[in-house]
Amino acid sequence: MLVKKNLFTKEISFVSRQLVFRLGYDLIKKAGYAIEKIDDKYLNWNSKSEATALSKIQTDILILDRLSTTYDFMSSLKIKFKTIVTFDDIGSGTKIADVVINGIFHDLAPKKIVILDINIYF
């Protein structure tokens with residue numbers, strides 16, 4: 001959807017652990033997207049080192065695909081990023097996220113946000 005709204009592929013980058021998620025990492029690379037160079041040892045879920053590494057990325061929107069974020073982890077990210085989106089997140093960090101997209105979870109309160117002049121309702 002972001003590419004369809006004139007956000008160029010080169011303006012989208014990903015963070016992925018290479019060793020644990022090699023297939024996904026290779027698919028992202030093959031699709032032509034940039035991958036931020038962050039060593040796997042700094043990308044332990046919800047860790048201070050992961051929040052620090054992600055905070056160094058120059059972007060307004062951070063999108064996380066994570067089953068469970070913590071409140072503290074998301075709070076530290078919210079200081080840096082204008083908008084935080086999470087996918088399939090049932091953790092306490094969803095209280096901090098601006099958008100929570102959960103196709104399999106239906107008990108979240110609806111939120112509205114405007115991204116790239118598109119109204120998105122969840």
Side-chain angles (χ1 to χ4, degrees):
M1 178 57 85
L2 295 173
V3 173
K4 286 181 182 179
K5 292 297 177 184
N6 296 323
L7 188 68
F8 299 107
T9 302
K10 67 181 180 182
E11 295 179 279
I12 299 171
S13 65
F14 287 82
V15 173
S16 177
R17 288 188 281 174
Q18 293 180 45
L19 300 176
V20 177
F21 300 111
R22 189 67 197 187
L23 177 61
Y25 182 89
D26 289 343
L27 288 170
I28 293 166
K29 228 173 150 176
K30 184 178 178 183
Y33 292 101
I35 299 177
E36 300 291 331
K37 295 184 185 326
I38 302 173
D39 194 300
D40 284 6
K41 69 182 176 184
Y42 299 112
L43 296 176
N44 292 322
W45 278 21
N46 299 315
S47 68
K48 186 174 183 173
S49 65
E50 182 184 34
T52 300
L54 292 175
S55 293
K56 293 178 182 175
I57 298 171
Q58 298 298 310
T59 187
D60 290 331
I61 303 170
L62 177 68
I63 302 172
L64 299 166
D65 185 356
R66 171 96 32 106
L67 181 59
S68 181
T69 58
T70 64
Y71 188 89
D72 290 342
F73 174 73
M74 293 291 276
S75 294
S76 63
L77 293 174
K78 191 60 181 162
I79 294 166
K80 164 70 171 126
F81 299 103
K82 206 179 286 185
T83 303
I84 299 178
V85 179
T86 64
F87 285 96
D88 297 330
D89 185 353
I90 58 170
S92 59
T94 58
K95 294 176 182 138
I96 302 293
D98 298 291
V99 177
V100 180
I101 301 171
N102 287 348
I104 58 175
F105 307 111
H106 302 286
D107 60 344
L108 297 171
K111 294 184 177 188
K112 175 193 174 196
I113 190 164
V114 176
I115 300 176
L116 303 173
D117 297 322
I118 307 167
N119 286 325
I120 301 175
Y121 294 88
F122 301 95

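Atom set for the values below is all heavy atoms of this structure, side chains included, hydrogens, waters and symmetry mates excluded.
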Next on the checklist: What I want to check is whether the side chains of T69 and D89 have a donor and an acceptor closer together than 3.5 Å.
Outcome noted: yes
Checklist entry - Do I35 and Y25 pass the side chain to side chain contact (heavy atoms under 4.5 Å, CB included) test, and can you show the C-alpha distance, the side-chain angles, and the key distance before you say yes or no? => result CA-CA 8 Å; I35 299 177; Y25 182 89; 3.5 Å; yes
Item to check | Distance (rounded to the nearest 0.5 Å) between R22 CZ and K29 NZ | outcome: 6.5 Å
Checklist entry - Would a hydrophobic clustering, with Ile, Leu, Val, Met, Phe, Trp and Tyr connected at side-chain separations under 4.5 Å, put L43 with I57? => result yes
Next on the checklist: So which atom in I84 and which in M74 form the shortest heavy-atom distance, rounded to 0.1 Å?
Outcome noted: CG2-CE, 3.4 Å
Checklist entry - Checking T52 side chain against K48 main chain: does a donor-acceptor pair fall under 3.5 Å? => result yes
Item to check | F14 atom CZ: more than 12 heavy-atom contacts under 6.0 Å | outcome: yes
Next on the checklist: Tell me the closest heavy-atom pair linking F81 and L54, and the distance in Å.
Outcome noted: CZ-O, 3.1 Å
Item to check | Sequence-distant partners of K41, salt bridge (Lys or Arg N to Asp or Glu O under 4.0 Å), two or more places apart | outcome: none
Checklist outcome for this item: Applied to residues 63-72, the salt bridge (charged side-chain N to carboxylate O under 4.0 Å, His left out) test, sequence neighbours excluded, yields E50-R66
Checklist outcome for this item: All heavy atoms of N46 vs all of S68, minimum pair found to be ND2-O, 2.9 Å
Item to check | Nearest-0.5 Å distance that lies between atom CD1 in I38 and atom CZ in R17 | outcome: 12.0 Å
Checklist entry - Once you round to the nearest 0.5 Å, how far does OG1 of T86 lie from CD1 of I101? => result 7.5 Å
Item to check | Full working for side chain to side chain contact (heavy atoms under 4.5 Å, CB included) between L23 and D26 | outcome: CA-CA 5 Å; L23 177 61; D26 289 343; 5.6 Å; no
Item to check | Residue pair F73, L64: steps toward the side chain to side chain contact (heavy atoms under 4.5 Å, CB included) verdict | outcome: CA-CA 12 Å; F73 174 73; L64 299 166; 4.1 Å; yes
Checklist entry - How far apart are the closest heavy atoms of F87 and I63, and which atoms are they? => result CE1-CG2, 3.1 Å
Next on the checklist: Testing the basics here: between S55 and S76, what is the closest heavy-atom pair and its distance to 0.1 Å?
Outcome noted: OG-O, 4.4 Å
Next on the checklist: I'd like to check D98 versus K82 (side-chain heavy atoms, cut-off strictly below 4.5 Å). Are they in contact?
Outcome noted: no
Checklist outcome for this item: All heavy atoms of D40 vs all of S16, minimum pair found to be OD1-O, 4.2 Å
